[in-house]
Amino acid sequence: MELSKNFIPAEAEPKWNQHWTDRKYFNSTPDHRPSFTVVIPPPNVTGVLHMGHTLNETVQDILVRKARMSGFNACWVPGSDHASIATEAKVVQMLEKEKGIHKSDLTRAEFLRYAFEWKEKYGGIIYNQIDRLGCSVDWSRVTFTMDDHYYKAVIKVFVDLSKKGLIYRGARMINWDPEAKTALSDEEVEYKDIHGKLYHVNYKIEGSEESIVIATQRPETIMGDTAICVNPNDPRYAHLKNAHAFVPLVNRRIPIIFDEYVDPAFGTGALKVTPAHDINDYNLGLKHNLEVVDTLNEDGTLSEAAGVFIGEDRFKARKLVIAALKENGSLVKEEEYQTRLGYSQRTGAVVEPRISTQWFLKMKEMATPALEAVLKGDIRIHPGDKFLATYRYWLENVKDWCISRQLWWGQQIPAWYTPDGACVVAATREEAWEEIISQPAFDLTRLTIDQLTQDNDVLDTWFSSWLWPMEVFNGITDPGNKEVRYYYPTSVLVTGQDIIFFWVARMVMAGMHYEKMIPFRDVYFTGMVRDKQGRKMSKSLGNSPDLLELIDKYGADAVRFGIMILSPAGNDLLFDESSIEQGRNFNNKMWNALKLIGMWKARAAETTVNDDQDHTTNWPNYWFRCRLNAARLEVDQLMTQFRLSEALKTIYSLIWDDYCSWYLEWIKPAYDAPVNKDHLESAIGFFEELVQLLHPFMPFITEEIYHQLRDRKEGDDLCIRQFSKPETFERDINGKDAVKFLDEGVLLKDVITGIRDVRNRSQIKPKESISVHVNTSNKDIYAMIRSILEKQVNGSLHFVEAAVPNTIATVIDRDQFYIETEQPIDSGHHREELVRELEYLKGFLVSVEKKLGNERFVQNAKPDVVEMEKKKKEDTISKIKVIEDSLSKI
RNA sequence: GGGAGCAUAGCUCAGCUGGUUCAGAGCAUCUGCCUUACAAGCAGAGGGUCCGCGGUUCGAAUCCGUGUGCUCCCA
């Protein structure tokens, strides 16, 4: 079959995807082989894959495909999470925009119906992208965090942890998102530096003409003030013991209290205390028994309790309060102030500290085993040095986790309330009722099961995703089942460093708690994908390219190549489309090598070489065999260290440079001559191994080439072809050490390059043939590689014992070369170059001699290092001699 | 404020346990090639005070200290 000019991804990709799917290659069931399990970090259903995901999924696919080809039963479970806040926000928005329906008009059940519809419609986008990228996931296992069994698992865990006393309900100061109208965990708040203002406000002291000035960033909260606090050691305020002041605008009488918490140097040294709206004030309030006046509603508007500006939004209220304070003369000063504000990670709204009754999970007990697992090395973090400290710090200082959210989209908290407010945690209404009637404390005479009401709130999405590695195998709902025993713990988790606390640490906690085992052996953190200017890729900036467009333009293999080649382990990468171009060019290179072999195949000679008699002819095959073995070992090692980018670079260079640029050229037959049959066989065999090595990185083109190289039997596909054991590097070939072949290869390349360089510099036309005279003590090696050398430099090789006059002299490795041309030599230019070279060598010689002259060096350095220096000295001296010799002859 | 990381060619980065002619790779640049696999290519080349300063050592891009500049995490 005639091959197209270039590789056409649009044809190969759907074809192989279909083929792999048809044959169920990526579906896994437990068997006798060791398992290699990866669970996809669930992207949320609202989204599309951005470049960060692309990197992530590619890394996972590389590891999974490699394992599948290395004797493992590879199982990669896809899925997505329900992303409570983000999805609910999108659904609410859609309902308002498209249908004119407000959430408040709907019942919970009606709303959930719309949400599931929405999920059906958009949730598939992400799966399509995973598919197009060539990810070898087991689609029969796709899991969603709101699936029935998953829902049950989350509820089961909640009930269980409650029974164990690890979950409690209480009023605490929490982070409130006034836009989504829900609580957030500490981890969901992002802090940003902003320019703010500090307002100095006058509070009148009771029964005196005096007043006290406080400094605040949030004048709109003064209506919630219930004290003023000063430092007891501050002489300015010592006389105010037992005094009271009046809050401006509302005239509340509040005490002046004394606490060392206040920094006398900050602002005026006097602090207004608003326990309802600031975490530190809240703690002060607890300590001094202060009244709590909550002046804000759940949507961020001022409440009745504020007394003024009721119903105004907090930001507008601030302006109104400032104006009012100005008017009555209470505002004495405004100053610029640098501060930090918390923003909701999901909605971007400014987070409001708010006292609210929420559910919490105690973290201390769960954190200890999770920390130990990593410190003991049961879980290995890559790159370790960078993230171990972060992980450790967070777990050692962990705070209780606020797990309730005031939303509908998610697992509804299984807590049931009697009309008089008593609360029971149970998986179902019936179970809750059972529990109530079993407790004599309840007055059952007027209570029926229907009067129980369920908690309105849902659980944090992370409270479901932390069970992911277990429940994708039904490990929570059906503990100890065959699958979870086989697949758990999973092998490696690949994810972004940004969710180390949200997700990674909590999965370890859940795994240690329920399976008594770590959830994964290795954690690999990928870096963040940034644009060329180093900016984080984000939807709002619009600087993230569309994945499917990239795949359409360059092909999935090229996209995978481009993103991997740029991505050193754990480091951020600056995304640049040109690296994807490089991937496409690489495709083209391999495609052309395939075409070359195809042409050879069409016209191969019947002749073969008899190995014993003709080492020379077979030399390129031996050499490449050794080169390939060495590279395979290197790649294997890099991959176990998760240095995937370097592994890919190694393969890239092995294919492009060693195979295409050197090996194929070395065995290429003379113009119009048929190729030697043994060479052809070797070339095909090597190419097979090369595409196998590359397959995990670029699955489509490699599968295509694999099938183009030979006719394959049904079921002989590259994606499941097992790697042979890498042959050891030292293995002899025909009694010769592999290292020798490699050394000869290096010499041959050096000589070819060196002579071509001379040709270039001397402007010898490519078509002009030259005579190369070499003075060497290794004639046998040159005899071996002679024909290749002559072909590659377009010249003929002759051995000499002395300098040849009227030639261009050069030294390559340890041998002296004299290049004879038909054209006259530009002696001036040549002399100049030789002089420059000579100067460098003389300087180098001085430094080597100095080193060797240093007694302490000779004494202290390792013997082979000293030996090396001596050799350098000798080589340099002989080179100098050759150059001086040539100079004298010009 | 506390902690972590980074600084090497124009750009993006390798450089592991200090020692090969160690200062590297890819991309970009320059020169020469339409050589029947490939111009999305081939053959070559140039390019760096390894951020500054100090120390340890026979020897430092590499180890230690310090300064500067950037990035991230936490409060």
Side-chain angles (χ1 to χ4, degrees), chain A residues 3 5-7 186-187 190-191 279-280 340 342 383 385-394 397 497-498 500-501 527-528 530 532 534 536 554 558 565-576 578-579 581-600 637-638 641 643 645-646 648-650 652-653 656-657 660-661 664-665 668 671-672 752-761 763-767 792-794 813 840-841 844-845 847-848 850-862 864-869 871-873 875-876 879:
Chain A
L3 290 175
K5 182 169 186 296
N6 292 328
F7 175 63
D186 293 344
E187 287 70 33
E190 284 174 351
Y191 292 90
I279 179 68
N280 298 310
R340 291 182 62 130
D385 42 344
K386 222 168 166 177
F387 296 109
L388 188 66
T390 315
Y391 180 86
R392 179 183 188 147
Y393 181 87
W394 187 76
N397 297 280
Q497 50 195 262
D498 47 334
I500 184 166
F501 311 131
M528 197 184 291
R530 299 169 177 279
K532 242 178 147 177
K536 202 169 160 176
Y554 297 100
I565 204 80
L566 291 172
S567 126
N571 281 354
D572 287 359
L573 64 100
L574 302 189
F575 180 77
D576 184 352
S578 73
S579 73
E581 254 175 68
Q582 197 189 339
R584 181 199 55 190
N585 296 352
F586 185 33
N587 277 343
N588 193 33
K589 187 71 190 176
M590 289 187 283
W591 194 248
N592 274 292
L594 176 69
K595 274 161 61 181
L596 177 65
I597 288 176
M599 289 170 61
W600 286 351
Q637 202 179 0
L638 288 169
Q641 295 167 338
R643 297 165 80 160
S645 171
E646 283 166 65
L648 178 57
K649 275 180 191 160
T650 304
Y652 174 76
S653 156
W656 197 308
D657 301 330
C660 293
S661 295
L664 289 180
E665 292 300 332
K668 192 185 255 181
Y671 180 76
D672 225 20
I752 291 169
T753 304
I755 292 174
R756 282 172 172 170
D757 186 27
V758 169
R759 293 189 68 121
N760 255 330
R761 282 177 195 283
Q763 295 173 323
I764 299 168
K765 290 262 174 316
K767 291 205 167 121
Q792 291 270 279
V793 301
N794 188 20
D813 278 26
Y840 169 79
L841 286 171
F844 184 73
L845 183 63
S847 78
V848 174
K850 210 165 130 194
K851 213 181 223 182
L852 283 167
N854 184 336
E855 251 176 63
R856 280 184 295 184
F857 169 73
V858 180
Q859 271 171 10
N860 294 325
K862 277 180 263 171
D864 44 330
V865 173
V866 179
E867 204 48 47
M868 194 73 72
E869 291 299 319
K871 204 167 196 179
K872 275 193 221 169
K873 185 181 162 184
D875 288 353
T876 311
K879 274 188 195 178

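Hydrogens, waters and symmetry mates play no part in the numbers below; they use all other heavy atoms, side chains included. Lettering follows sequence order; numbering is per chain, from 1.
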*Go through A:T753 and A:R756 one step at a time and tell me if the side chain to side chain contact (heavy atoms under 4.5 Å, CB included) criterion holds.*
CA-CA 5 Å; A:T753 304; A:R756 282 172 172 170; 5.6 Å; no

*Measure from the side chain of A:K595, starting at C-beta and using heavy atoms only, and say which of B:G46, B:A37, B:G19 lies closest.*
B:A37

*Between B:C74 and B:U17, how far is it from one C1' atom to the other, in whole Å?*
34 Å

*Which part of the nucleic acid does A:K879 contact within heavy-atom distance under 4.0 Å: base, sugar-phosphate only, or nothing?*
base

*Whole-Å C1' distance, B:C42 and B:A37*: 11 Å

*Answer with base, sugar-phosphate or nothing: what part of the nucleic acid does A:T753 contact at a heavy-atom distance below 4.0 Å?*
sugar-phosphate

*Considering only the C1' atoms, how many Å lie between B:U66 and B:C58, rounded to the nearest integer?*
26 Å

*Any donor-acceptor pair under 3.5 Å between the side chain of A:E665 and the base of B:A43?*
no

*Along RNA chain B (nearest heavy atom to each residue), the more 5'-positioned of A:T876 and A:K649*: A:K649

*Rounded to the Å, how far apart are A:Q792 CD and B:G44 C1'?*
14 Å

*Indicate the atoms forming the closest heavy-atom contact of A:K589 with A:C660, along with that distance.*
CE-CB, 3.7 Å

*Does A:I752 or A:L596 map to a spot on RNA chain B nearer the 5' end, using the closest nucleotide for each?*
A:L596

*Compare the minimum distances between each of B:C73, B:C27, B:A37 and the side chain of A:T390, then state the nucleotide with the smallest one.*
B:C73

_Closest non-hydrogen atom pair, A:E869 against A:F857_ = CG-CZ, 3.8 Å

*Between B:A61 and B:G54, how far apart are the P atoms? Round to whole Å, please.*
14 Å

_Considering every strand and a 4.0 Å limit on heavy-atom distances, what is the contact class for A:S661: base, sugar-phosphate, or nothing?_
sugar-phosphate

_Spacing of the P atoms in B:G24 and B:G48 (rounded, Å)_ = 12 Å

*Heavy atoms under 4.0 Å, any strand shown: does A:E646 hit a base, just sugar-phosphate, or nothing?*
sugar-phosphate

*Answer yes or no: are there more than 12 heavy-atom neighbours, outside A:E190 itself, under 6.0 Å from its atom CD?*
yes

_OP1 or OP2 of B:C42 under 4.0 Å from side-chain N/O of A:W656_ = yes

_Starting the side chain at C-beta, find the nucleotide from B:A37, B:C27, B:G46 nearest to A:A593._
B:A37

*Across the strands shown, which category fits A:K668 at heavy-atom distances under 4.0 angstrom: base, sugar-phosphate, nothing?*
base

*asked:* Given 3.5 Å as the limit, does a donor-acceptor pair link the side chain of A:S645 with the main chain of A:L566, or not?
replied: no

*salt bridge (charged side-chain N to carboxylate O under 4.0 Å, His left out) between A:K879 and A:D875: does it pass, once the steps are laid out?*
CA-CA 6 Å; A:K879 274 188 195 178; A:D875 288 353; over 6 Å; no

_Side-chain donor/acceptor contact of A:R584 with base of B:A40 under 3.5 Å_ = yes

_Is it the case that over 12 heavy atoms from other parts of the model lie below 6.0 angstrom from the CD atom of A:Q763?_
no

*Measuring from A:I764:CD1 to A:I755:CD1, what's the distance to the nearest 0.5 Å?*
10.5 Å

_B:C72 and B:G10, which share atom name C1', separated by this distance in whole Å_ = 27 Å

*Rounded distance in Å - CE (A:M868) to P (B:U20)*: 8 Å

*Interatomic distance where CG belongs to A:L388 and P belongs to B:C73 [whole Å]*: 18 Å

*Using a strict cut-off of less than 4.0 Å between a Lys/Arg side-chain nitrogen and an Asp/Glu carboxylate oxygen, indicate whether A:E665 and A:K668 qualify as a salt bridge.*
yes

*Could you tell me the separation between the CG atom of A:D757 and the P atom of B:C42, rounded to a whole number of Å?*
18 Å

*A:R756 CZ to B:C42 C1', straight-line distance once rounded to whole Å*: 9 Å

*Look at the side-chain N and O atoms of A:K765 and state whether any lies under 4.0 Å from the OP1 or OP2 oxygen of B:C33.*
no

_Atom pair distance, as rounded to whole Å: CG in A:L574 and P in B:U71_ = 13 Å

*In whole angstrom, give the distance that lies between atom CZ of A:R856 and atom P of B:G18.*
20 Å

_Taking the minimum atom-to-atom distance to the side chain of A:N760, which one of B:A37, B:G26, B:A43 wins?_
B:A43

*Give me the ring orientation class for A:W591 and A:F7: parallel if the planes are under 30° apart, tilted from 30 to 60°, perpendicular past 60°.*
tilted

*Stem list, RNA chain B (Watson-Crick or G-U pairing under 3.5 Å, at least 3 consecutive pairs)*: B:1-7 with B:68-74, B:10-13 with B:24-27, B:29-33 with B:41-45, B:51-55 with B:63-67

*B:U20 P sits how many Å from A:F857 CZ, rounded?*
10 Å

_So if I take every side-chain heavy atom of A:N588 and compare against B:A14, B:A37, B:C38, which nucleotide ends up nearest?_
B:C38

*So what does A:E581 touch, heavy atoms closer than 4.0 Å: a base, only the sugar-phosphate, or nothing?*
nothing

_Please classify the nucleic acid contact of A:N6 as base, sugar-phosphate, or nothing, using heavy-atom distances under 4.0 Å._
base

_Between B:C70 and B:U12 - P atom distance, rounded Å_ = 16 Å

*asked:* Between B:G15 and B:G1, how far apart are the two P atoms, rounded to whole Å?
replied: 33 Å

*What nucleic acid atoms does A:Q763 come within less than 4.0 Å of, heavy atoms only: base, sugar-phosphate, or nothing?*
nothing

*State whether A:N585 places a side-chain N or O below 4.0 Å from either non-bridging phosphate oxygen (OP1 or OP2) of B:G41.*
yes

